[in-house]
Amino acid sequence: MSEQVRDKMARLVELADKRRLVEIHYRKHLTSGEAVPRVVEPYNFTRGQQDVILRCYQLEPDRGWRFFMVHKVERVEDGGEAFEPRVRVTLSRADIASQQQAQTSGSWSDRVRRYRDLVSDAMADGTLTVDETEAIRRYAAESGLTDDERNYVHAAIFHRCLGTIVEDGEVQLQEREQIQFLHRVLDKLGWGVVDV
């Protein structure tokens, strides 16, 4: 984990401890576009093989539960006011230490990592457009990803996001809607869990 990711995680934990809204500047696309400011309530982290994802409730520019890849957050700032948690906040300094010590079970190829980023990007704003779906499918075909590689990425994303939802021991109605959203997105890309 890079020092920049550790610093961003530490700032997120600090603001979450104080129950402060956070303004993140998130770069949705890897190579194009500018970082978009988003005001969020931070709740928890989950670690993938080569990344850390922040689960939060976004207030601006639109509302809803979101998952953001921390390495694509350019800045973390105080959002200017306190928030009353919707669910239990589980961000802690121990998360940073455990993320640093976590061992990966293998490294992803650049093309699999790029596919993961494309899928995560598409999910970051709570929608999956036709253009995004076609671009993701086109990339998978052009890069020669196998069905097994695609399914692994989808399952890994679903597993990590689901883990953050169930971490506090409850699944509220709005969290059930998050699970359904995750399923719909992944199903459109060729891998879903069950009909919901």
Side-chain angles (χ1 to χ4, degrees), residues 5 8-9 11-30 32-48 51-92 95 116-133 135-136 154 157-189 192-193 196:
V5 170
K8 291 173 202 170
M9 290 175 71
R11 183 69 171 139
L12 287 161
V13 169
E14 174 190 340
L15 293 168
D17 283 348
K18 296 175 183 177
R19 300 304 188 255
R20 299 290 295 172
L21 291 176
V22 176
E23 181 177 311
I24 62 171
H25 294 255
Y26 189 75
R27 186 174 32 88
K28 183 174 175 183
H29 299 288
L30 288 173
S32 64
E34 62 185 57
V36 175
R38 297 168 184 268
V39 177
V40 302
E41 301 168 0
Y43 286 96
N44 50 10
F45 294 121
T46 184
R47 179 175 170 74
D51 59 15
V52 177
I53 291 179
L54 169 69
R55 176 180 173 238
C56 53
Y57 189 83
Q58 181 174 281
L59 300 171
E60 295 175 14
D62 54 359
R63 292 182 171 266
W65 287 97
R66 303 289 186 264
F67 299 94
F68 297 107
M69 299 172 79
V70 177
H71 72 274
K72 294 173 68 179
V73 173
E74 291 189 357
R75 289 196 325 256
V76 176
E77 301 170 357
D78 188 309
E81 61 186 81
F83 72 95
E84 185 65 36
R86 297 164 195 278
V87 297
R88 191 164 56 104
V89 176
T90 60
L91 288 171
S92 74
D95 287 326
R116 178 228 30 216
D117 287 350
L118 289 170
V119 173
S120 295
D121 283 351
M123 293 171 41
D125 60 4
T127 62
L128 180 67
T129 67
V130 172
D131 288 345
E132 288 171 323
T133 303
I136 291 167
H154 296 174
I157 289 171
F158 188 80
H159 174 268
R160 291 185 355 245
C161 294
L162 183 62
T164 63
I165 292 169
V166 302
E167 184 176 277
D168 65 0
E170 300 176 347
V171 177
Q172 299 174 359
L173 177 60
Q174 59 191 355
E175 292 173 311
R176 184 173 183 267
E177 291 168 357
Q178 280 181 271
I179 296 168
Q180 291 171 326
F181 167 72
L182 290 168
H183 168 72
R184 283 191 305 273
V185 167
L186 297 174
D187 191 50
K188 283 182 183 179
L189 297 174
V193 184
V196 287

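- Here the closest non-hydrogen pair linking Gly80 and Arg20 is C-NH2, 3.2 Å.
- Residues Ile179 and Val171 meet the side-chain proximity criterion, which asks for heavy atoms closer than 4.5 Å.
- Legend: residues meeting ring pair (Phe, Tyr, Trp, His ring centres under 6.0 Å) with Tyr57, ordered by chain and number and at least two apart, are Trp65.
- Between Arg116 and Met69, the closest heavy-atom pair is NE-CE, 3.3 Å.
- What you find for Leu118 and Ile136 is that their closest heavy atoms are O-CD1, 3.7 Å.
- Counting only heavy atoms from C-beta outward, the side chains of Met9 and Val52 approach each other to under 4.5 Å.
- Looking at Arg55 and Ile165, their side chains come closer than 4.5 Å, going by heavy atoms from C-beta outward.
- Taking 4.5 Å as the limit, every side-chain heavy atom of Leu128 sits out of range of all side-chain heavy atoms of Phe181.
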task = Could you walk me through whether Leu15 and Val76 pass the side-chain contact (heavy atoms from CB on, under 4.5 Å) test, one step at a time?
result = CA-CA 9 Å; Leu15 293 168; Val76 176; 4.1 Å; yes

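- A donor-acceptor contact shorter than 3.5 Å is absent between the side chain of Arg11 and the backbone of Lys8.
- The line from NE2 of His183 to NE2 of His154 is 12.5 Å long, rounded to the nearest 0.5 Å.
- Under a 3.5 Å cut-off, the side chain of Gln172 and the backbone N or O of Arg176 do not form any donor-acceptor pair.
- Between Pro37 and His25, the shortest heavy-atom distance links the atoms CB-CE1, 3.7 Å.
- Proximity of Asp78 to Val22: side-chain heavy atoms (C-beta onward) are nowhere separated by under 4.5 Å.
- At least one side-chain heavy atom of Thr133 sits under 4.5 Å from a side-chain heavy atom of Leu189.
- The shortest non-hydrogen separation linking Ala16 to Arg19 is O-NH1, 2.7 Å.
- Applying the salt bridge (Lys or Arg N to Asp or Glu O under 4.0 Å) test to Arg86 and every residue at least two apart in sequence or in another chain returns Glu41.
- With rounding to the nearest 0.5 angstrom, the CD atom of Glu175 is 6.0 Å from the CD atom of Gln178.
- Contact annotation: the side chain of Thr90 never approaches that of Phe45 to less than 4.5 Å [non-hydrogen atoms, C-beta and beyond].
- Among residues two or more places apart in sequence or in another chain, the salt bridge (Lys or Arg N to Asp or Glu O under 4.0 Å) test is passed with Arg75 by Glu77.
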inquiry  = One pair to check against side-chain contact (heavy atoms from CB on, under 4.5 Å): Asn44 and Leu54. What are the steps and the verdict?
reply    = CA-CA 6 Å; Asn44 50 10; Leu54 169 69; over 6 Å; no

side-chain contact (heavy atoms from CB on, under 4.5 Å) between Ile157 and Ser120, intermediate numbers included = CA-CA 8 Å; Ile157 289 171; Ser120 295; 3.8 Å; yes

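- Between the CZ atom of Arg66 and the CD atom of Gln58 there is a distance of 5.0 Å, given to the nearest 0.5 Å.
- A heavy-atom distance below 4.5 Å is not found between the side chains of Thr164 and Tyr43.
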message = Run Phe67 and Arg160 through side-chain contact (heavy atoms from CB on, under 4.5 Å) and show every step you take.
response = CA-CA 10 Å; Phe67 299 94; Arg160 291 185 355 245; over 6 Å; no

